[in-house]
There are 2 protein chains.
Amino acid sequence: MNILEKITNELDTLSKSERKVAEVILASPSTVIHSSIAALAKQANISEPTVNRFCRRLDTKGYPDFKLHLAQSLANGTPYVNRHVDENDSAEEYTDKIFESTMASLELARKSLDANDVNRSVDLLTQANKISFFGLGASAIVAHDAQNKFFRFNVPVVYFDDILMQRMSAINSRQGDVVIVISHTGRTKSLVEVASLAKENDATVIGITTKGTPLAKECSIVLTVDVCEDTDLYMPMSSRIAQLALIDVLATGFTLRRGSKFRDNLKKVKDSLRSSRFERKD
Amino acid sequence: MNILEKITNELDTLSKSERKVAEVILASPSTVIHSSIAALAKQANISEPTVNRFCRRLDTKGYPDFKLHLAQSLANGTPYVNRHVDENDSAEEYTDKIFESTMASLELARKSLDANDVNRSVDLLTQANKISFFGLGASAIVAHDAQNKFFRFNVPVVYFDDILMQRMSAINSRQGDVVIVISHTGRTKSLVEVASLAKENDATVIGITTKGTPLAKECSIVLTVDVCEDTDLYMPMSSRIAQLALIDVLATGFTLRRGSKFRDNLKKVKDSLRSSRFERKD
DNA sequence: CTACATTATGAAATAAAATTTCATTTTTTC
DNA sequence: GAAAAAATGAAATTTTATTTCATAATGTAG
């Protein structure tokens, strides 16, 4: 996709002269998009046809077309990357870095999510007799938030951030119940056990976790939320945010599935909150 | 910046023929980047020099340069926009829309945040005798999360999502205490009162809210998190996620300010959690 | 409404840029 | 080390963009 990456990748399939072109481009791509083929050829000490052949080798129609691709690569080049905070960063720097990393993680999480699994999960949720959300630590917040959301839908929903209550609830679950277990690492022993217990009691277990973890193996459906965050070394940050976004997705899917009459009901809940607020003056 | 927006803006400063060009471009910009000046002229039923003049009017060097700008606009054009979910969206569609909207909101929130305020807030937090986080509804989750984070730093921190406890805590606050009040709307009466009470008792009140709300007026520092979300009509989604990102920023600023010895301590907390996990097999 | 000025427009000429052709050089293979 | 294959660049060609300039359209003052 990105032509700069492509150049780097194909660097060894290029001829000697073509590689010279590649190097000049990689050294300063932003200059190149304003150069003519002649200027670039001179810069790389090779002839114009070589530049042209170089462009064609990268599956572009010719030099102008190549420049177009290059321009596009530069435009969205590394938009949101996981940039690590540095010891000496200013407030502005670490603020930007954290926001950007969060956005990068959301992008990643979105890609790791399977729309089919989302769809099946929404199916199960709309048909559930009871919905439970379990999480610990940072994921407890996500479970809490999920309860908040689904509570508005007027469906039986509980959340526990306490190991014992989770176990008890899991043991008392039955067919038709949906248990959503949230854990970024997917390796928290007690949560894996809870998932296993719920499963033994015929509840449907949906996991919100990283691919291939012990927790994932215990679940009927796994909603994969990969975010490349090392919570062993750092505080959980992006992981819980990606999980929350997923909760939004499930809640949205739920309301869509339930149809418009149901959404009128939501409006009522909102209206009932209004008197507790100062009026807006705009 | 974005050339497509620029065209739209300057539409009425253009001549009749030039507007024809603009319309053709706006109708299908992706086609245009692969057209020659002759092709575009023909498409718009005007002459080639007119296209050229059009390009110059938009502060580009000429047609090829214009195409470059256009290509860039298309590359990151409308990167993350707030796209509303539609009744008939598929799981894939609404998943993508929600993730994109969330990212768009984070981008917005970042822009609305003032690094100076962040810096001052971190200052105050590092020097606080006690830190309290107050929120209700969706913002309660944010307060909860904040407590989780700051608890790891081994500083006196509390959180309340209950009106009475918040009031009591606010009344008992004193100089040197920092109270962080979180509310997207900034118009929740009881929270505004709590902020006011804390302020009367000489605590420093930091608000995490939207610009210019009643809550904002009661705060010593306002951390502005604007996200253009109508929580009167919809469930809170992006707002709480942006708030969480801000909590991450504050927590990060806090650890940076406290220096490296302090960070060793964080590692200990993490290590103590390890035995509760399944070992990783990679 | 006319005469003048201003601006807008396109045909044709020119200039610039990119591509193709083909001869020469370099590299590879046997 | 000779023949084949591949790479390269000079020059010609083609394509594309720009400039020039004459004409048309539009606006303005008397």
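Keep in mind the model is a prediction, meaning the values are calculated, not measured. Just so we're on the same page: letters track the sequence lines, and every chain starts at 1.
Rounded to whole Å, atom P of D:dG9 lies 12 Å from atom CG of A:Leu40. Atom pair A:Lys42:NZ and C:dA18:C1' shows a separation of 18 Å (rounding to whole Å applied). The separation between A:Arg57 atom CZ and C:dT19 atom P is 16 Å, rounded to whole Å. Between B:Lys20 atom NZ and C:dT9 atom P the separation is 8 Å, expressed in whole Å. If you measure from atom CD1 of B:Ile37 to atom P of C:dG10, you get 12 Å, rounded to the nearest angstrom. C:dT19 atom P lies 12 Å from atom CZ of A:Phe66, rounded to whole Å. Rounded to an integer number of Å, the gap from B:Lys67 NZ to D:dT16 P is 9 Å. Rounded to an integer number of Å, the gap from OH of A:Tyr63 to C1' of C:dA17 is 10 Å.
Comparing C:dG10, D:dT8, C:dA18 by their closest approach to the side chain of A:Pro64 singles out C:dA18. Nearest nucleotide to the B:Asn52 side chain, out of C:dT9, D:dA17, D:dA10: D:dA17.
With contacts defined as side-chain heavy-atom distances shorter than 4.5 Å, the pair B:Arg110/A:Ile98 does not qualify. When side chains are defined from C-beta on, B:Ile3 does not count as touching B:Gln72, because their heavy atoms never get closer than 4.5 Å.
Map B:Asn45 and A:Glu48 each onto its nearest nucleotide of DNA chain C; the residue landing nearer the 5' end is B:Asn45.
The shortest distance between the side-chain N/O atoms of B:Thr50 and the OP1/OP2 oxygens of C:dT9 is not below 4.0 Å. Side-chain N/O atoms of A:Ser15 include none lying less than 4.0 angstrom from OP1 or OP2 on D:dA7. Contact between the side-chain N/O atoms of A:Arg56 and the OP1/OP2 oxygens of C:dA18 is not found at any separation under 4.0 Å. Using a 4.0 Å cut-off, some side-chain N or O of B:Lys16 falls inside it from OP1 or OP2 of D:dT26.
No side-chain donor from either of A:Asn116 and A:Arg120 sits under 3.5 Å from a side-chain acceptor of the other.
Between the B:Thr213 side chain and the B:Arg187 main chain, no donor and acceptor come within less than 3.5 Å of each other.
B:Arg19 comes within 4.0 angstrom of nothing in the nucleic acid, heavy atoms only.
Other residues, nucleotides and ligands contribute only 12 or fewer heavy atoms inside 6.0 Å of the CD atom of A:Gln43.
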